[in-house]
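Just so you know, residue 1 is the first one in the sequence shown, and it goes up from there.
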Amino acid sequence: MSVTKVSSAMQEAVNNVPRNDIINGGLVVNQENQTAPADDAYTIGDLFLHVGEGTPVMSLETDGPQGTRPWQKMVLDANDQGGLVYFMSNADCQDYIANGKLSFGIQLKTTAATIANARIGILKWVGTADAVTSDVVGTWASDGTNPTLATSWSYENTPANIGLTTSFARHTVEDVTVDSDTKNIAIFVWTDDGTITASDVIGFSEWQCNPGSTVNDFSSPPVATVLDQVQYYVEVLGNVASSSFASGFANSDTRAKGVLTYQEKRIIPTIEAGDTDLQIFYRGGASATTVAVSEDTISLNACRLNAEVGSAVLTVGDGVSFRFNGTANYLLDARH
C-alpha cells in the first residue's frame, strides 16, 4: 500500500484557510427555499431568519460578487423595514468570549430602485443559552433609528448607516467587544430606509464572522461539508416522487409501523409533513395512497412512523416501504 505524502505547501494552504463561523455564509445550500417568509420565519439559505414588516419576496440569485456565487434577493414592500438574522450557538460563542472580540463582514447591494442604507448589528443574548427569542426586534423605530430589541437582547456595537450602491461591496464591523456574560450571539443586517418604494431590493452575500479584531477574507467549506453543517440544524427529506424514505412491517391488517432515520440534530427536532400525499407499498406490489402517517418517539436521529391504511389489506408481519408521492416531504427542524 502506498502512502501519499502531503507537501508542506499543501498543508500550509489547508492550515491557512480563513476561519468563518457563519454556516452557509456563501448560500450554497437551500433546502427549504422559503421565498415569502413572514416575520420571524427562516428563508433562503435555511439558517437565515427574516425579521421585518410585511412579507417580502425572497429569491436565490446566481450573479453574485464572485462569478456565479449565490446571493439572497429581498424585495420589500413600500417603506417596510426588514432584514436577516443569523444565530450562533452557545458552544460556538465560547471562542469569542475567550478572545473578547468579534469581527464580521458581508457583501451588500441594491438595485436601480435604490435603497440608500443598511445597518449591521452584533447582538448579545443574556437569557438561557440556546433558548433565544428568535424575533430579535421588540419595536421597529423610524427611519435612521435603530429598533428596540426584544428582552434579553442588546447591541454590542452601535449600528450606523451603510451606503448601498448597485454593485456588491463588502461592509465590515470589526473589533466588537464580546462580554463574558454572552450566552448567544446574533448577526442582524437590516434596512430601515424610510424612502423604500414597492419592489425595492436589497441583496446579501458572503457572510463572514470570526474571533479577533479584524475580519478575515471570506471563506466557505466545500458544498458537501456545508450540507452536513446545515442539516445539523434543519433537514428536508422528500420532493422526489415514489422515492422510499423508510421501511417497516404490518402490525395489523390496517396498520403499519416503520422507522425514519435522519442526520443527528442539535436538539430533538420538530417534524412537519409537507403534505399528506404519502404511500406505503406492501406485498404483491399493491399500494395504499394518501395514507395517514404520524410520527412519535422522536430522537436526535430517528423517529417511529405509524401508518393507517383504513381497510384490511395488509398481512401481519409483511414488510412495507414508506414512500413519497408527488411533492411530499418532511421538514426536520432543530433551529433556534
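- Distance check, rounded to the nearest 0.5 Å: CG of Leu76 to OG1 of Thr191 gives 7.0 Å.
- Looking at Gln72 and Glu61, their side chains never bring a donor and an acceptor atom within 3.5 Å of each other.
- Shown here for Gly127 and Ser152, the closest heavy-atom pair between the two residues is N-CB, 3.9 Å.
- When all heavy atoms are compared, the tightest approach of Asp296 to Cys303 is O-CB, 3.6 Å.
- For the residue pair Asn161/Arg119, the side-chain donor-acceptor check at 3.5 Å is satisfied.
- Residues Asn306 and Lys257 have side chains that bring a donor and an acceptor to within less than 3.5 angstrom of each other.
- Salt bridge Asp333/Lys265: absent, no basic N to carboxylate O contact under 4.0 Å.
- Closest approach of Pro147 to Val137, counting heavy atoms only: CB-CG1, 3.9 Å.
- Looking only at atom types and distance, the side chain of Asp200 has a donor-acceptor partner in the side chain of Thr197 under 3.5 Å away.
- Just one of Asp95, Asp92, Asp217 meets the salt bridge (charged side-chain N to carboxylate O under 4.0 Å, His left out) condition when paired with Arg19; it is Asp95.
- The side-chain hydrogen bond (donor to acceptor under 3.5 Å, both in side chains) test with Asp46 is passed by exactly one of Gln31, Gln231, Gln34: Gln31.
- For the 3.5 Å distance criterion, the side chains of Thr177 and Lys101 qualify, holding a donor opposite an acceptor.
- Taking 4.0 Å as the cut-off between side-chain N and carboxylate O, Glu206 and Arg69 count as a salt-bridged pair.
- The two residues Ser220 and Val226 have their closest heavy-atom pair at OG-CG2, 4.1 Å.
- Note that CG of Asn30 is 5.0 Å distant from CG of Leu60, once rounded to the nearest 0.5 Å.
- Between Asp193 and Thr195, the side chains place a donor N or O and an acceptor N or O closer than 3.5 Å (distance only, hydrogens not considered).
- Side-chain polar atoms of Thr225 and Asp228 form no donor-acceptor pair below 3.5 angstrom.
- A donor and an acceptor atom, one from each side chain of Ser134 and Asp40, are located under 3.5 Å apart.
- For the 3.5 Å distance criterion, the side chains of Asp130 and Asn184 qualify, holding a donor opposite an acceptor.
- For Trp71 and Phe168, the ring centers are positioned less than 6.0 Å apart.
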Verdict with supporting geometry, Trp207 and Phe48, ring-ring contact (aromatic ring centres under 6.0 Å, His included): CA-CA 11 Å; Trp207 297 65; Phe48 299 90; 4.8 Å; yes

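- Residues Tyr330 and Phe245 bring their aromatic ring centres within 6.0 Å.
- For the residue pair Ser103 / Thr214, no side-chain donor-acceptor distance below 3.5 Å is found, with atom types taken as modelled.
- Tyr42 carries Arg335 over the face of its six-membered ring, with the cationic atom under 6.0 Å from the centre and within 45° of the normal.
- No donor-acceptor pair closer than 3.5 Å links the side chain of Asn90 to the backbone N or O of Ala129.
- One finds the CD1 atom of Ile187 at 4.5 Å from the SG atom of Cys209 (value rounded to the nearest 0.5 Å).
- With values rounded to the nearest 0.5 angstrom, Tyr86 atom OH is found 12.5 Å from Leu49 atom CG.
- For Phe87 and Trp125, the ring centers sit 6.0 Å or farther from each other.
- Of all heavy-atom pairs between Tyr155 and Gly121, the closest is CD2-CA, 4.5 Å.
- Taking each heavy atom of Val316 and Asp253 in turn, the nearest pair found is CG2-N, 4.1 Å.
- Side-chain atoms of Asn210 and Tyr96 form no donor-acceptor pair, as typed in the model, at a separation below 3.5 Å.
- Judged by distance alone, the side chain of Glu32 and the main-chain N or O of Thr43 form no donor-acceptor pair under 3.5 Å.
- No side-chain donor-acceptor contact under 3.5 Å links Thr172 to the backbone of Glu174.
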